[in-house]
Number of protein chains: 2
Amino acid sequence: MRDPGASTTDRPAAPRRPDDATARELVLRAADRLFYDRGVQAVGMDELRAASGLPLKRIYRLFPSKEAIVEEVLRHRHELWEAGISNAVATTPDPRERLLAVYDFLARWFDDEGFRGCFFINSFGELSGTAPRVTEFVRAHKAGFQKTVARLVAEAGGPPELAPQLAILAEGAQTTAAIAGTSEAAGQARAAAETLIDAALGPTRDRAV
Amino acid sequence: MRDPGASTTDRPAAPRRPDDATARELVLRAADRLFYDRGVQAVGMDELRAASGLPLKRIYRLFPSKEAIVEEVLRHRHELWEAGISNAVATTPDPRERLLAVYDFLARWFDDEGFRGCFFINSFGELSGTAPRVTEFVRAHKAGFQKTVARLVAEAGGPPELAPQLAILAEGAQTTAAIAGTSEAAGQARAAAETLIDAALGPTRDRAV
DNA sequence: TTGCGCTGAGAACGGTCGTTCTCTATCGTA
DNA sequence: TACGATAGAGAACGACCGTTCTCAGCGCAA
């Protein structure tokens with residue numbers, strides 16, 4: 001039995017009512033998983049309620065509509081992607097290797113259990129015909145990736161034409177891996193990227209063969 | 001006024017009741033356009049009825065369900081794709097150029113008004129979480145493309161590893177062009193393919209520069 | 001002309017969707 | 001202890017979905 005006179009701000013365990021910030025996160029976490037696994041339109045708000053453990057009313061107090069939740073999930077995925085890329089890149093000192101680190105990052109992702117392709121590409125396929133804001137967000141996300149690759153290429157001293165080529169390889173690897181259900185596309189894209197980089201940067205310093 | 005005693009098999013114009021074969025084609029043509037433009041789930045059967053000009057009852061006599069129509073559209077698009085590729089390839093005698101013809105085919109397609117990406121990739125994004133048959137069809141379609149590229153690579157005397165690399169470039173060009181809303185990805189993928197082919201086949205016979 | 005079978009137009013059905021509303025219970029404050 | 005505000009649980013709402021059914025009308029064989 002708890003002391004009825006105790007402070008109300010520090011009960012020990014028990015399912016406490018989450019504050020708004022963590023409630024938002026509960027919703028977004030559940031939405032991310034459900035939307036990514038089965039598609040946005042296939043997941044109803046009732047399922048989102050059950051998965052988040054929050055009453056529907058609360059969800060609608062935190063978000064104005066389902067579409068707003070979708071956009072928030074996209075935003076969150078975008079941040080995850082950017083963080084993943086910049087982390088993969090940050091741990092690689094050599095500028096040439098840094099370009100290839102993108103494909104190593106893809107390889108680890110493809111091997112994740114539950115990998116089902118790029119959420120942005122999937123959402124584009126599902127919603128681009130009906131949700132212009134989603135389309136625009138996906139477009140911006142992909143443009144950002146192009147920009148990131150362009151920056152890495154510039155840092156490696158490569159010509160500007162190399163950047164979109166490397167980006168296309170990454171996009172192709174994502175759709176190929178998703179549809180085929182295997183992760184080998186990452187390695188194939190990486191090998192192709194190596195060839196392109198070698199051709200663009202001239203003979204490499206330290207490669208055998 | 002028509003002669004009331006005339007044969008019933010050759011009235012001149014007037015909207016005649018189409019036979020089953022052409023009725024099927026009316027449905028599939030309308031479904032193809034609508035599904036491709038706005039997504040499968042965004043198009044209701046009533047809209048399909050209006051666009052095809054056929055009564056709903058007739059549509060359901062021709063097809064058991066909406067999903068069957070989707071599958072038929074996928075089948076038709078698959079045939080169009082195969083025909084487009086093999087036509088682009090057939091008109092190109094040189095085996096090396098034949099590989100590049102794939103990207104020229106993509107370029108023409110991307111420039112089509114109303115291009116909205118690869119229907120298979122889009123359908124995968126929209127339906128892979130809920131319609132296993134669609135997923136399987138898309139998988140088979142993409143596997144078929146991989147096989148086609150592998151055959152072309154073999155005919156050009158290239159190593160087997162080259163094929164998936166070229167296929168990934170084509171896939172990446174499709175998603176990139178669709179999402180960016182521009183067609184430049186085709187040329188970029190073509191340029192990358194040239195580099196990869198040159199690297200794989202050794203120095204080319206007839207290139208300047 | 002009569003009757004039969006099939007037609008098209010559209011209403012109807014059962015279900016699900018995103019969203020809102022009702023109703024009761026609980027909470028913090030006096 | 002009493003009160004006003006707010007919470008949660010879930011029913012309800014209106015719209016729309018894919019699919020089926022109703023029903024009047026037409027063409028055609030006898």
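Nothing here was measured: the structure is a model prediction, and the numbers come from that model. Lettering of chains follows the sequences in order, A, B, ..., and the numbering in each one begins at 1.
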Under 4.0 Å between a Lys/Arg side-chain N and an Asp/Glu carboxylate O for B:Glu47 and B:Arg38? yes
Is it the case that the side chains of B:Ser128 and A:Arg116 hold a donor-acceptor pair, with the cut-off being a distance below 3.5 Å and no angle test? yes
Can you tell me the distance, in whole Å, between the CG atom of B:Leu54 and the C1' atom of C:dT7? 13 Å
Provide, to the nearest angstrom, the distance between the CG atom belonging to B:Asp46 and the P atom belonging to C:dA12. 15 Å
A:Asp111/A:Arg108 ion pair, N-O < 4.0 Å: no
If you go through the side-chain atoms of A:Lys57, does one of them form a donor-acceptor pair with the base of C:dT19 closer than 3.5 Å? no
Taking atom C1' of C:dT19 as reference, at what distance in whole Å does atom CG of A:Leu62 sit? 15 Å
Taking only the side-chain heavy atoms of B:Pro55 (C-beta and beyond), determine which of C:dG8, C:dG18, D:dG8 contains the nearest atom. C:dG8
Whole Å only: how far is the OH atom of B:Tyr60 from the P atom of C:dG8? 16 Å
Starting from the 5' end of DNA chain D, give me the residue, A:Arg61 or A:Arg49, whose nearest nucleotide shows up first. A:Arg61
Given atom CE of B:Met45 and atom P of D:dA15, what is their separation to the nearest angstrom? 23 Å
With a 3.5 Å cut-off and heavy atoms only, can you find an N or O donor on one side and an acceptor on the other between the side chain of B:Lys66 and the base of D:dG18? no
For a quick test of reading the model: is some side-chain N or O of A:Arg17 closer than 4.0 Å to OP1 or OP2 of D:dG8? yes
B:Phe63 CZ to D:dT20 P: how many Å, rounded? 15 Å
For the pair A:Arg75 and A:Glu79, find out whether any cationic side-chain nitrogen is under 4.0 Å from an anionic carboxylate oxygen. no
Whole-Å distance, B:Leu48 CG to D:dC17 P, equals 12 Å
For the side chain of B:Gln174 and the backbone of B:Ala170, is there at least one donor-acceptor N/O pair under 3.5 Å apart? yes
Once you round it to whole Å, what is the distance between P of D:dA15 and CD of B:Gln41? 22 Å
Contact class for B:Leu56 vs. all strands (heavy atom < 4.0 Å): base, sugar-phosphate, or nothing? base
